Amino acid sequence: MAAPVDPITVSVIQHRLLAIVEEMGEAMLRTSYSQILNSSRDFSTAICDLKGRLIAQAEHVPIHVGALPWAARSVSDFFAGDIHKGDVFLLNDPYHGGNHLPDLTAFVPIFADGKPLYWSINRAHQSDIGGATHGGYNAAATEIWQEGIRIPPLRLYERSKIRRDVMDMIAANVRHPRDFRGDLEAMIGSTHIGERRMLALAAEFGWPITLAAIEAVLDGAERQTRAVIARWKDGVYKGEAILDDDGHKFKDVHIRATVTKAGSSLKIDLSDSHKQVIGFINSSFPNMRSACAVALSYLIDPHTPKNDGTFRPLEVIAKPGTVVWANEGAAVTLATSHCAQEIMEAIIKALAPACPDRAMAGWGRRFRIAISGKDPRNGRKFIWHLFEARPGGGATSAGDGWPGAGEWNGAGGVKFGSLEVTEVRFPLFFRRHECRTDSGGDGQYRGGPGGSLELVVETAEPALGNTAGDGVRYGACGILGGEDGLPHRYILRSGKRRPRTIKTKEVGIVIRPGDVFNIESGGGGGWGNPAKRKKEARDRDVKNGFVKAKRAQPRRPRRRLHASGSR
Amino acid sequence: MIHVRDPIRLELLKNAFAAIADEMAATVVRTARSFVIKEAMDFSTGLLDAHGNMIAQGLCLPVHMGSFPPTIATVLERFKGQIRPGDVYALNDPYVGGGLHLPDIFVFKPIFYEDKLLAFAAAIGHHTDIGGRVAGGNACDNTEIFQEGLRIPPLRLIEGGRMNESVYEILRLNVRVPDKVIGDLNATIAACTRGERGMQALARKYGQDVLIADMNHLLDYTEVLTREEFRSLADGTWEFEDFLDDDGFSDDPIRIFARITKKGTDLTVDFTGTSKQVKGSINLPISMTQSCVYACIHSIVDPNLPTTSGFMRPIRVIAEPGTIVYPICPAPVAARGLTAMRVTEAIWGALAMMLPDKVFACGAQGDFGVTIAGYDSERRPFVLLEFLFGTWGGRPRKDANDGLSSLAVNYANTPVEMVEREQPVRIEEYGFRQDSCGAGKFRGGLGMIREYRLVGVDEAVLQVRSDRQKFRPYGLMGGQSGAHAANYLRAKNGKQSVLPGKFMRTFLRGESYRAVLAGGGGWGDPFSRDPELVLQDVIDEKISIEAAKKEYGVVIDLATSEINMVATKQQRQRSNAAE
């Protein structure tokens with residue numbers, strides 16, 4: 001039994017833990033090679049214990065973090081009794097604790113008195129992971145083998161010595177081995193910082209106090225979370241979210257959540273969701289659990305640390321073989337966005353009537369283009385991911401949604417890349433990049449506007465594009481009477497050819513030199529009855545250009561694609 | 001000249017090496033799990049000296065022959081000074097490892113005797129799946145190597161007897177049928193262990209130094225024999241071109257051009273003039289191009305010539321980087337077996353100019369690769385991968401063998417019963433295709449027909465690599481070309497549609513895919529064919545009565561099944577006059 005620790009020490013250690021995971025993130029940001037990491041921050045850092053309990057996480061990409069406990073457990077189990085100082089472990093396989101293949105995770109064990117106690121963890125989205133298409137998102141995939149290299153829990157460093165042939169093998173399977181190695185080294189460096197800082201923490205307070213304080217931190221998070229939940233009305237709530245399609249034969253793929261709130265506990269049942277589909281919107285188990293954890297995180301006090309204690313009040317029920325928990329072998333790459341976002345949407349919509357002041361309207365769905373081609377300025381090949389023209393954030397009881405804040409699963413954690421840096425590094429020219437008028441869903445609080453972007457591709461020879469996303473039919477959901485945001489609309493103009501609308505799940509789009517993309521991303525969902533929106537707010541919207549003048553008044557609600565709340 | 005103190009011992013050891021390599025091959029057949037390896041025998045075994053020179057090859061695939069030396073070279077370079085007893089090395093990558101294509105995994109086991117590196121045992125297996133876009137690893141429509149499956153650079157699969165679990169686990173996860181692939185991989189390792197024991201036994205018997213000396217002697221001896229063979233041939237230059245229909249993306253034919261120059265005791269095969277590398281995955285890695293050359297040249301020399309690196313010394317291969325026979329990374333190569341066939345056919349064509357009474361007309365070789373893959377009702381993956389062997393071309397003194405694998409690959413066919421037992425398909429038809437043979441004094445071989453119906457599952461993926469829909473297998477010395485190949489799909493309602501040579505599509509329950517293979521080219525003027533032989537072909541239903549008359553000028557009486565000699569004479573005269 002751990003000795004009781006005074007609350008001041010607990011608080012100091014809690015913040016130290018947070019500082020450690022944040023420093024891990026800073027180190028990653030400053031040392032990684034790829035833009036997706038050093039600019040768009042698509043990575044997460046955390047400390048877990050060997051049982052897979054989340055001790056601390058940095059606030060980076062929420063959808064990563066809720067899944068890390070399963071990854072940690074997977075590595076602990078696989079290498080039980082065979083973990084040594086100086087070892088570094090890796091994994092990415094969604095059927096072994098990963099989210100999806102591009103998210104590679106590095107683990108460094110932290111030892112106390114010769115025994116491994118904690119994992120210092122970095123999960124980062126690689127710019128390529130091999131497989132059929134550059135950039136990892138293969139809309140044509142019908143099974144995981146088409147999505148990239150699968151890495152089971154494995155040991156990359158054995159007692160500080162790299163297993164070079166294993167490293168070479170993984171690097172041989174990605175398209176940019178130099179960047180890949182650089183990024184992986186940055187990840188490992190970041191986990192070593194976590195290890196060093198944890199050891200310093202323990203050296204300062206001694207292991208007994210550190211361990212006891214960590215237990216107290218977890219218990220505290222549980223207490224705070226339960227206190228929030230306890231204030232909501234008991235009941236059984238239902239919510240539904242619908243995906244456009246899976247890129248193959250399935251359309252209108254539904255996720256249904258039945259949430260039972262009793263006392264300070266929540267039970268989320270996703271069993272009634274659509275059966276597993278062909279395309280890559282299926283979710284792995286850890287990713288689904290993560291989406292549930294993220295949904296809860298969005299409903300509780302933002303100051304509550306996100307750790308194992310936070311999620312103790314949560315019970316999740318789901319059925320294997322459904323889109324939220326696909327059987328091994330199914331394609332899953334898009335799932336960290338979709339269907340993860342729809343799992344969150346269904347849960348939050350369900351609970352909105354129980355906690356209206358905490359529930360947030362939907363954020364725009366993801367719709368990303370990855371372009372691969374050759375830069376005529378230096379003859380080098382490049383792969384670029386669209387992180388600009390981010391969709392709008394959802395509105396809350398606290399105010400309007402953030403403009404261009406991105407998707408729900410990242411909730412602002414993933415930044416958009418600098419236009420200037422992008423233009424220097426890629427043969428791309430941004431003719432226009434601004435907020436998209438009228439895209440945010442109306443409501444007492446308006447959804448954030450999406451982006452409007454005109455992009456010229458300045459290559460000398462044709463480039464190839466792939467897309468991955470959803471939400472050209474269904475916009476971000478409004479809640480509690482708020483309207484849905486506008487869906488996405490992407491158009492490719494190629495010379496004198498007829499402009500064509502890009503689909504959300506396409507591979508092999510031929511992009512000719514000088515082609516122009518007109519990208520209009522969706523806006524966030526509105527919160528509350530539009531009739532209640534204040535006049536000053538509407539005037540401000542017009543002045544800011546978020547809303548056109550003639551529309552700056554409550555409209556008759558559009559046909560609702562989503563229904564929110566109980567049904 | 002070389003001086004061998006004990007030629008008897010050298011002869012004994014030469015045969016011992018070959019026997020060990022064959023024993024390794026037998027080990028693979030007896031322990032492998034997949035059809036491709038245990039039935040179709042798409043694998044090879046060999047022994048290499050400590051420097052990576054080949055000293056023996058098992059009785060397996062000739063086109064694998066030349067690929068051991070360049071691949072072991074990448075291992076020797078990467079692991080210089082770190083090779084220890086109990087290690088096993090593996091690779092499959094054509095660009096960093098010198099490999100053939102990703103499904104072919106090479107394994108090498110160093111053989112130590114008294115702490116000294118004596119030799120390497122080596123094996124290649126063509127695995128049923130290697131991950132990637134399309135099950136089976138032979139898709140034609142990949143556009144870069146990253147789509148083709150797991151790339152394995154030279155690495156240690158087993159370190160000092162301890163399995164590299166990480167690599168095994170990666171392999172297990174990245175292939176669709178891990179039990180088969182790991183089982184087959186272990187079969188090739190077992191073969192290497194067999195080879196190790198055999199070589200160690202020889203070292204015990206003869207002493208290590210003697211063995212090493214005789215390995216060197218054997219290489220020199222092979223070179224001398226090869227040069228003697230070459231010396232006896234006339235000097236000169238001979239050229240031949242053949243074409244692939246297309247790469248599955250564009251309709252452009254792809255030219256394979258071989259120029260053979262023989263001067264003194266040296267022989268050069270120059271592919272300059274061959275088409276550029278293509279978008280689709282039929283690019284042939286240079287190590288395999290070289291292998292094709294060695295396999296073809298070996299077919300025209302004394303069959304007793306040992307298969308060692310010494311044989312390769314007098315042979316030079318010239319190819320331009322960036323061509324289909326020497327692609328540059330990351331060009332896709334998965335379905336390069338097809339191009340290997342055409343390369344061998346171009347080389348044989350040139351050799352036929354050089355040695356008209358020795359070389360066969362063009363066969364319809366192993367062009368067809370068929371993959372049917374999907375999931376059974378319990379979501380377990382299955383992969384049926386078959387290379388349909390074709391038929392030979394007419395020979396200078398004999399008809400072709402009907403339905404026999406190319407000389408270059410020595411495949412066996414997979415029995416219908418085995419396929420039906422293990423896979424959710426029914427073979428509706430398997431047999432010879434009447435009139436497909438190219439007419440000649442010695443006719444070409446008959447093509448085959450194989451029709452697969454999907455019966456056990458609702459849906460699968462059907463992927464086919466084939467060719468010869470436009471360019472037919474050539475005849476020689478007045479012999480006719482063999483018939484075109486074709487692909488058909490028969491819907492459930494019986495409606496038949498034509499499919500292209502290279503495609504991938506969804507295959508539904510009840511549909512059937514019909515592979516119609518090309519026929520072999522004929523050798524010599526068909527009108528000089530013995531009418532009795534033509535009659536026998538008609539009786540055997542290999543050719544029709546109409547073809548007998550049209551192609552051979554032989555008129556057969558339908559009622560009596562006898563040759564109408566008078567009419568035949570008239571027919572042959574008339575046709576000759578018409579020309």
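Just so it is clear, the values below take in all heavy atoms, side chains as well, and ignore hydrogens, waters and symmetry mates. The structure presented is a predicted model; accordingly, all values stated were derived computationally and were not measured.
Chain B forms more heavy-atom pairs under 4.5 Å with one residue of A/L90, A/I170, A/L156, A/I149 than with any other, namely A/I149. Listed options A/A330, A/P153, A/P152, A/G329 were ranked by heavy-atom pairs under 4.5 angstrom with chain B; first place goes to A/P152. For the set A/G321, A/A141, A/G508, A/A172, the count of heavy-atom pairs under 4.5 angstrom toward chain B peaks at A/A172.
Within the 4.5 angstrom heavy-atom criterion, only backbone atoms of B/V175 (N, CA, C, O) approach chain A. Contact of A/I144 with chain B is not made at all, since no heavy-atom distance falls under 4.5 Å.
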Are there donor-acceptor atom pairs under 3.5 Å between chain A and chain B, and if so which?
from   : atom 1 : to     : atom 2 : distance (Å)
A/G131 : N      : B/F146 : O      : 3.3
A/A132 : O      : B/Q147 : NE2    : 2.7
A/E143 : OE1    : B/R176 : NE     : 3.3
A/E143 : OE1    : B/Y375 : OH     : 2.5
A/E143 : OE2    : B/R176 : NE     : 2.5
A/E143 : OE2    : B/R176 : NH2    : 2.4
A/W145 : O      : B/G132 : N      : 3.3
A/W145 : NE1    : B/L173 : O      : 2.9
A/W145 : NE1    : B/V175 : O      : 3.2
A/Q146 : NE2    : B/R133 : O      : 2.7
A/R150 : N      : B/N174 : OD1    : 2.4
A/R150 : O      : B/N174 : ND2    : 2.5
A/R150 : NE     : B/L173 : O      : 3.4
A/R150 : NH1    : B/L173 : O      : 2.8
A/R163 : NH1    : B/S166 : OG     : 3.3
A/R163 : NH2    : B/N164 : OD1    : 2.8
A/D165 : OD2    : B/R156 : N      : 2.8
A/D168 : OD2    : B/R78  : NE     : 3.3
A/A172 : O      : B/R151 : NE     : 3.3
A/A172 : O      : B/R151 : NH1    : 2.8
A/N173 : OD1    : B/R151 : N      : 2.4
A/N173 : ND2    : B/R151 : O      : 2.6
A/R175 : NE     : B/E144 : OE1    : 3.2
A/R175 : NE     : B/E144 : OE2    : 2.7
A/R175 : NH2    : B/E144 : OE2    : 2.4

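How far CD1 of B/I152 is from CE of A/M169: 4.5 Å, rounded to the nearest 0.5 Å.
Side-chain contact between A/L154 and B/I170: present, with at least one pair of heavy atoms (C-beta onward) separated by less than 4.5 Å. Annotation: side chain of A/V166 is in contact with side chain of B/V167 (closest heavy-atom distance under 4.5 Å).
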